[in-house]
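Structure first, commentary second.
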Amino acid sequence: MKRILMMVFKNLLLVPYGWIKLCWYAAHVDRYSEAQRYELLRYIDARANWGGNIVIDAHGTENIPNENGFMFYPNHQGLYDVLAIIAACPVPFSVVAKKEIADIPFLKQVFACMKAYIIDREDIKQSMQVIINVTKEVKSGRNYLIFAEGTRSKHGNHPQEFKGGSFKAAMKSKCPIVPVALIDSYKSFDTGSVKKLTVQVHFLKPIPYEEYKDMKSTEIAAEVKKRIEKTIQENGGWE
């Protein structure tokens with residue numbers, strides 16, 4: 001909370017303009033292209049990071065596929081994760097977010113600008129429809145992000161189990177899977193500190209459909225988690 005307040009206070013002159021523009025874009029998403037909406041989000045994100053004394057250390061952006069229609073699978077550390085990846089990723093993407101955070105101010109508007117899907121994990125029919133919709137959109141060339149853990153880890157840089165069902169959309173759309181390793185993202189909002197913080201975002205080499213087509217969803221989940229954990233360990237994130 002302290003860092004969020006610092007983000008606001010250091011951007012006090014910008015906040016009214018940025019908030020009004022974000023809300024306008026969120027309420028009129030079809031008036032703007034995905035590139036225009038993503039540009040606004042990256043601008044607001046960059047100002048928030050400056051105000052919050054956060055530095056994004058991005059690695060592996062060359063691993064982001066040149067052609068659209070891929071899926072990011074990061075480890076999940078907290079509310080800041082999507083903002084960290086937006087700051088690091090030059091290519092627009094959308095997200096599948098759980099309903100529990102869908103109405104949080106600011107995140108609600110960000111998700112609207114991204115045309116995100118909100119998933120109710122307790123409603124199997126609705127969850128299946130989200131997977132079907134995401135599959136169609138990835139096939140049509142949109143990029144998506146799903147947190148395969150389902151909920152954020154309570155152990156910092158140590159990921160929880162990755163759920164196989166989270167990879168169904170990738171399997172059905174036959175798209176590249178891009179593992180993303182986040183390091184120290186949880187420290188942004190969950191520690192109460194306002195000291196300068198570096199958050200690492202590592203885009204790992206994509207896993208093409210040809211590589212995982214004969215694997216079970218649980219096997220894909222285990223492989224993605226293994227690659228992310230290896231990257232976290234190699235870059236000083238293991239505690």
Side-chain angles (χ1 to χ4, degrees), residues 1-19 21-22 38-61 63-64 72-90 93 95 97-98 100-111 113-114 145 147-160 178-204 225 227-239:
M1 178 60 74
K2 291 180 182 178
R3 196 179 297 273
I4 294 174
L5 292 174
M6 191 165 73
M7 287 177 174
V8 173
F9 288 138
K10 288 181 69 174
N11 286 288
L12 204 54
L13 296 178
L14 174 71
V15 167
Y17 167 78
W19 177 247
K21 191 167 185 178
L22 178 63
Y38 193 66
E39 182 181 3
L40 173 65
L41 293 179
R42 293 198 81 200
Y43 171 73
I44 293 174
D45 196 11
R47 295 293 304 188
N49 287 333
W50 169 79
N53 213 13
I54 299 173
V55 175
I56 301 298
D57 183 18
H59 300 262
T61 53
N63 291 325
I64 299 172
F72 287 135
Y73 284 92
N75 54 312
H76 193 11
Q77 298 192 357
L79 295 175
Y80 182 72
D81 294 349
V82 171
L83 300 178
I85 296 171
I86 288 175
C89 181
F93 65 92
V95 301
K98 60 183 180 180
E100 288 83 356
I101 64 171
D103 291 325
I104 296 177
F106 182 68
L107 285 182
K108 178 179 180 179
Q109 285 71 30
V110 169
F111 291 151
C113 280
M114 300 177 89
L145 178 153
F147 290 110
E149 292 164 88
T151 186
R152 63 182 179 177
S153 172
K154 295 180 180 179
H155 302 287
N157 290 321
H158 294 266
Q160 304 174 100
V178 184
V180 182
L182 295 173
I183 300 176
D184 292 342
S185 179
Y186 72 97
K187 294 180 180 179
S188 301
F189 295 155
D190 295 349
T191 62
S193 173
V194 294
K195 293 180 180 179
K196 184 176 181 180
L197 171 65
T198 297
V199 175
Q200 296 182 47
V201 181
H202 296 260
F203 299 100
L204 310 188
K225 181 187 177 186
R227 296 187 186 192
I228 289 174
E229 285 183 325
K230 183 173 183 288
T231 300
I232 293 172
Q233 188 171 18
E234 290 176 344
N235 289 274
W238 231 238
E239 300 168 353

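In plain terms, the two heavy atoms of Thr151 and His76 that are nearest each other are C-CD2, 3.6 Å. Residue Met114 comes nearest to Val95 through the heavy atom pair CE-CG1, 4.0 Å, listed as atom of the first residue, atom of the second, then distance. Across all non-hydrogen atoms, the minimal contact from Ala88 to Ala58 is CB-CB, 3.7 Å. The minimum heavy-atom distance linking Leu107 with Ile101 is given by the pair CB-O, 4.4 Å. Here the shortest heavy-atom pairing between Arg152 and Leu79 reads NH1-N, 4.3 Å. Smallest separation of non-hydrogen atoms from Val199 and Asp184: CG2-O, 3.8 Å.
At a threshold of 4.5 Å between non-hydrogen side-chain atoms, the residues Leu145 and Ile85 count as touching. Looking only at side-chain heavy atoms (C-beta outward), Val201 and Cys89 stay at 4.5 Å or farther from each other. Side-chain contact between Ser188 and Leu197: present, with at least one pair of heavy atoms (C-beta onward) separated by less than 4.5 Å. In this structure, Lys21 and Leu40 have side chains that are in contact, with non-hydrogen atoms separated by less than 4.5 Å. Inter-residue side-chain proximity for Arg42 and Pro90 is flagged as met; some heavy-atom pair is nearer than 4.5 Å.
Counting heavy atoms of neighbouring residues, nucleotides and ligands inside a 6.0 Å radius, atom NZ of Lys10 exceeds 12 of them.
Note that CG of Asp103 is 10.5 Å distant from CZ of Phe111, once rounded to the nearest 0.5 Å. How far CD1 of Ile44 is from CG of Leu83: 10.5 Å, rounded to the nearest 0.5 Å. Put simply, CZ on Phe189 and NZ on Lys2 are 15.0 Å apart, with the number rounded to the nearest 0.5 Å.
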* To do: Could you give me the CA-CA distance, side-chain angles and deciding distance for Leu204 and His202, then say whether side-chain contact (heavy atoms from CB on, under 4.5 Å) is met?
  => CA-CA 6 Å; Leu204 310 188; His202 296 260; 4.0 Å; yes
ask   = Leu41 and Val110: side-chain contact (heavy atoms from CB on, under 4.5 Å), yes or no, with the steps?
value = CA-CA 7 Å; Leu41 293 179; Val110 169; 4.1 Å; yes
- prompt: Taking it one step at a time, do Tyr73 and Phe147 satisfy ring pair (Phe, Tyr, Trp, His ring centres under 6.0 Å)?
  reply: CA-CA 6 Å; Tyr73 284 92; Phe147 290 110; 9.6 Å; no
**Study point:** Worked verdict on Glu234 versus Lys230 for side-chain contact (heavy atoms from CB on, under 4.5 Å)
**Key:** CA-CA 6 Å; Glu234 290 176 344; Lys230 183 173 183 288; 2.6 Å; yes
Any chance you could lay out the side-chain contact (heavy atoms from CB on, under 4.5 Å) test for Tyr186 and Ser153, step after step, and finish with the verdict?
CA-CA 9 Å; Tyr186 72 97; Ser153 172; over 6 Å; no
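Shown here are the salt bridge (charged side-chain N to carboxylate O under 4.0 Å, His left out) partners of Glu39, two or more places apart in sequence or in another chain: there are none. Legend: residues meeting ring-ring contact (aromatic ring centres under 6.0 Å, His included) with Tyr38, ordered by chain and number and at least two apart, are Phe93. By the side chain to side chain contact (heavy atoms under 4.5 Å, CB included) test, Gln109 pairs with Trp19, Leu22, Cys23, Ala26, sequence neighbours left out. Qualifying side chain to side chain contact (heavy atoms under 4.5 Å, CB included) partners for Glu100, counting only residues two or more places apart in sequence or in other chains: Lys98, Arg121. Qualifying side chain to side chain contact (heavy atoms under 4.5 Å, CB included) partners for Leu14, counting only residues two or more places apart in sequence or in other chains: Asn11, Tyr17, Tyr43, Arg47.
The closest donor-acceptor contact from the side chain of Gln77 to the backbone of Leu182 lies under 3.5 Å. Judged by distance alone, the side chain of Glu229 and the main-chain N or O of His158 form no donor-acceptor pair under 3.5 Å.
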Under 3.5 Å, sequence neighbours excluded: what are the donor-acceptor pairs made by side chains of residues 49-57?
unit_1: Asn49; atom_1: OD1; unit_2: Tyr80; atom_2: OH; d: 2.5
unit_1: Asn49; atom_1: ND2; unit_2: Asp45; atom_2: O; d: 3.3
unit_1: Asp57; atom_1: OD1; unit_2: His59; atom_2: NE2; d: 3.1
unit_1: Asp57; atom_1: OD2; unit_2: His59; atom_2: NE2; d: 3.0

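No option in Asn75, Asn63, Ile228, Thr231 other than Ile228 meets the side chain to side chain contact (heavy atoms under 4.5 Å, CB included) test with Pro179.
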